[in-house]
Amino acid sequence: MQKILDAILAGEFGEVGELPVPDFYRGVTTHADETAMFDGMEGRDKDPRASLHLDEVATPQPAAGEVLVAVMASGINHNTVWSSIFEPMPTFGFLSRYGRISPQAARHDLPYHVLGSDLSGVVLRCGEGVSAWSPGDQVVAHCLSVELDHPDGHADTMLDPEQRIWGFETNFGGLAELALVKANQLMPKPRHLSWEEAAASGLVNSTAYRQLVSDKGARLKQGDTVLIWGASGGLGSYATQLALNGGAIPVCVVSSPQKAEACRRMGAELVIDRSAEGYAFWKDEHTQDPREWRRFGARIRELTGGDDPDIVFEHPGRETFGASVYVARRGGTIVSCASTSGYQHTYDNRYLWMNLKRIIGTHFANYREAWEANRLIAKGHVHPTLSDVVPLEHTARAVHAVHHNRHQGKVGVLCLAPEEGLGVSDPEKRARHETAINRFRTAPAGV
């Protein structure tokens, strides 16, 4: 592994394909025999630091259509939190079901799960039939793993019955020194970014792009008012940028003055600190409070000069969904993914049906959408929202911080990269965007 790293650090990318690949590598894992360790505990009390391990695992060989990548950096996403606390179910069920579809997929059904759905790195080996990528290519990866053997996937790969999220529903993810991906997950690494910056955007930027911009999502247009929950977080920070970049007007909802300031640094002007203003959308565990919906809607109108949101960017789920349906304008759109506060959504359907509103479900992005989202990063129109970076050894601590919402933007992980700031090959472009690239680094997550 050290020879591979030395070649990458020396910029000798053409030599990488000639170097031997180690039989084992380090990866962040969960173990199948520990899935009951948190039984009986509330989700918030489950501690990823107890369930996540840094193990030596066997190196998989790339099969047809696959690529083995030396991972320089990765990132923490909410699906890693779910994996680490075995909610809503242990991911080993995903691996088992995947393993039954083919001998190639059966390699993923193991008693350990290497996690992680982001990476930046360098191609080491290409399987049979891979023609678009070669050893030495500097890449980032999106997280859609799809078989494409079914006709439903050919209009939109997200509709394929065998689509999965790599590193969550498949094995050999990006929180590791090596990763196995399908060739059609790869995209060019933005040249003006470091390894850890380039790795930060793949999952969340692509998800936000489909949710807001794509014709499969809300179809954002100039002048739209967009309510963005968690606007300084992993998903929300990219949604805020996409809204601003597309000529829309984001109304950013956050939970602290620090997070409000992060939104303003992105260029947002309309910000609601829901903690400071004391919104409590639930009277108790079973009863929502419509008076709070109305108070929240009035605050949005106060900020916008009387406009209700054309689009509500929904990802908290249970806690906020009733309010989201209420505040959307007549004929507006609530576009939903993730449900990080709970999957069971309750809302008053009168406000949906009688006001002709729409709920659209979205899930990650297809290759075209991910490519377009990455292109915006590469052109400097959207920027990474990296707030903190940890070494691979501290991944569990970082996942714990994300679990408790102590982060802003994205938390990055150095895998093979020995330090931050490496991998920039277009310093002139970087210099033009340095302030925007670093605007979340002023408020580290403290992980």
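- Note: Y112 and H31 fail the aromatic proximity criterion, with ring centroids not under 6.0 Å apart.
- The backbone N or O of L95 lies less than 3.5 Å from no partner atom in the side chain of E169, so there is not a single donor-acceptor pair.
- Residues F13 and S134 form no side-chain contact, since every pair of their non-hydrogen atoms from C-beta on lies 4.5 Å or further apart.
- Between W229 and F296, the two ring planes are parallel [angle under 30°; tilted spans 30° to 60°].
- With hydrogens and angles disregarded, a donor-acceptor distance shorter than 3.5 Å links the side chain of S387 to the backbone of Q408.
- Considering only heavy atoms from C-beta on, T435 stays 4.5 Å or farther from R265 through its side chain.
- Counting non-hydrogen atoms of other residues, nucleotides and ligands closer than 6.0 Å to CZ of R375 gives a total of 12 or fewer.
- By the 4.0 Å N-to-carboxylate-O rule, R299 lies close enough to E277 to be salt-bridged with it.
- Of the inter-residue distances, the one linking I228 atom CD1 with Q241 atom CD reads 10.0 Å to the nearest 0.5 angstrom.
- Once rounded to the nearest 0.5 Å, the distance linking OG1 of T385 with CG of N205 reads 8.5 Å.
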### side-chain contact (heavy atoms from CB on, under 4.5 Å) evaluation trace for D310 with V226
CA-CA 6 Å; D310 298 278; V226 186; over 6 Å; no
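- Between K410 and D118 a salt bridge is recorded (basic side-chain N to carboxylate O distance below 4.0 Å).
- Minimum interatomic distance between W166 and S117 (heavy atoms only, all atoms of both residues): O-OG, 2.6 Å.
- When atom types are taken as modelled, the side chain of S256 and the backbone of K259 share a donor-acceptor pair closer than 3.5 angstrom.
- Listed here is the closest heavy atom pair of L175 and G75: CD2-O, 3.9 Å.
- Using modelled atom types, no side-chain atom of N366 and backbone atom of M158 make a donor-acceptor pair closer than 3.5 Å.
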### Query
Does the side-chain contact (heavy atoms from CB on, under 4.5 Å) test come out yes or no for V28 and H53, once each step is laid out?
CA-CA 5 Å; V28 175; H53 308 273; over 6 Å; no
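- Residues P257 and D273 meet the side-chain proximity criterion, which asks for heavy atoms closer than 4.5 Å.
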### Message
Using salt bridge (charged side-chain N to carboxylate O under 4.0 Å, His left out), reason through R210 and D156 one step at a time and then give a plain yes or no.
### Response
CA-CA 12 Å; R210 181 181 176 105; D156 177 8; 2.7 Å; yes
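- H345 and S339 get closest at one heavy-atom pair: NE2-OG, 2.8 Å.
- The heavy-atom pair separating A370 from M187 by the smallest distance is O-SD, 3.4 Å.
- Between atom CG of residue L115 and atom CG of residue N77 there is a gap of 11.0 Å, rounded to the nearest 0.5 Å.
- Q185 places a side-chain N or O within donor-acceptor distance of the main-chain N or O of H142, the cut-off being under 3.5 Å.
- With sequence neighbours excluded, the residues that form a side-chain hydrogen bond (donor to acceptor under 3.5 Å, both in side chains) with R26 are E177, E393.
- At distances below 3.5 Å, at least one donor-acceptor pair connects side-chain atoms of D160 with backbone N or O atoms of E162.
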### Query
Are H113 and T30 close enough, and set up right, to give a side-chain hydrogen bond (donor to acceptor under 3.5 Å, both in side chains), and what steps lead you there?
CA-CA 5 Å; H113 188 181; T30 54; 4.5 Å; no
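- Cation-pi check for R295 over Y279 is met; the charged atom lies under 6.0 angstrom from the ring centroid and within 45 degrees of its normal.
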### Message
If you apply the rule side-chain hydrogen bond (donor to acceptor under 3.5 Å, both in side chains), what do you find for R358 with T333, and how did you get there?
### Response
CA-CA 5 Å; R358 298 183 303 154; T333 299; 2.9 Å; yes
### Full working for side-chain hydrogen bond (donor to acceptor under 3.5 Å, both in side chains) between T320 and E314
CA-CA 8 Å; T320 59; E314 241 295 342; 2.5 Å; yes
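- In this structure, E302 CD and I272 CD1 are separated by 9.0 Å, a value rounded to the nearest 0.5 Å.
- Put simply, the side chain of T395 gets close to the backbone of L392: a donor and an acceptor are under 3.5 Å apart.
- Formation of a donor-acceptor pair under 3.5 Å by the K189 side chain with backbone atoms of A378 is not found in this model.
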### Task
Given side-chain hydrogen bond (donor to acceptor under 3.5 Å, both in side chains), test R397 with H400 step by step and report yes or no.
CA-CA 5 Å; R397 193 168 76 190; H400 181 260; over 6 Å; no
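- Using the six-membered ring where Trp is involved, Y343 and W82 have ring planes that are tilted, between 30° and 60° apart.
- Counting only heavy atoms from C-beta outward, the side chains of L9 and P418 approach each other to under 4.5 Å.
- Within the 4.5 Å cutoff, no side-chain heavy atoms of Q163 are placed close to those of S145.
- Between the SG atom in C143 and the CG atom in N79 there is a gap of 7.0 Å [rounded to 0.5 Å].
- Side chain of S51 to main chain of I85: no donor-acceptor pair is present (N/O by atom type, distance under 3.5 Å, no hydrogens or angles).
- Residues K216 and E369 have side chains in contact (heavy-atom distance under 4.5 Å, counting atoms from C-beta outward).
- A distance of 10.5 Å separates CZ of R125 from OG1 of T59, quoted to the nearest 0.5 Å.
- Of all heavy-atom pairs between Q288 and T346, the closest is NE2-O, 2.7 Å.
- The two atoms that bring A218 and V335 nearest to each other are CB-CG1, 4.3 Å, heavy atoms only.
- Using a cut-off of 4.0 Å between Lys/Arg side-chain N and Asp/Glu carboxylate O, R301 and D308 are scored as salt-bridged.
- Without hydrogens or angle criteria, D426 side chain to H192 main chain gives no donor-acceptor distance under 3.5 Å.
- A salt bridge does not link R191 with E428: none of the charged nitrogens is closer than 4.0 Å to a carboxylate oxygen.
- Using a 4.0 Å cut-off between charged side-chain N and carboxylate O, R274 and E319 make a salt bridge.
- Counting heavy atoms from C-beta outward, L227 and V327 have side chains that approach closer than 4.5 Å.
- Looking at heavy atoms from C-beta onward, S84 lies in side-chain contact with V399 at the 4.5 angstrom threshold.
- Between K429 and E434 there is no salt bridge, since no side-chain nitrogen of the basic residue lies less than 4.0 Å from a carboxylate oxygen of the acidic one.
- For the 3.5 Å distance criterion, the side chains of E147 and Y98 qualify, holding a donor opposite an acceptor.
- Counting heavy atoms of neighbouring residues, nucleotides and ligands inside a 6.0 Å radius, atom CD of E269 does not exceed 12 of them.
- Classified by interplanar angle (parallel below 30°, tilted 30° to 60°, perpendicular above 60°), the ring pair H315/F313 is perpendicular.
- Remark: E261 does not engage R439 in a salt bridge, criterion side-chain N to carboxylate O under 4.0 Å.
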### Task
Please step through side-chain contact (heavy atoms from CB on, under 4.5 Å) for the pair I249 and L270, ending with a clear verdict.
CA-CA 8 Å; I249 303 155; L270 311 181; 3.8 Å; yes
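- By the 30° and 60° cut-offs, the orientation of the rings of Y326 relative to W293 is tilted.
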### Message
Would K357 and I334 count as a side-chain contact (heavy atoms from CB on, under 4.5 Å) here? Give the steps.
### Response
CA-CA 8 Å; K357 303 177 186 183; I334 303 96; 4.3 Å; yes
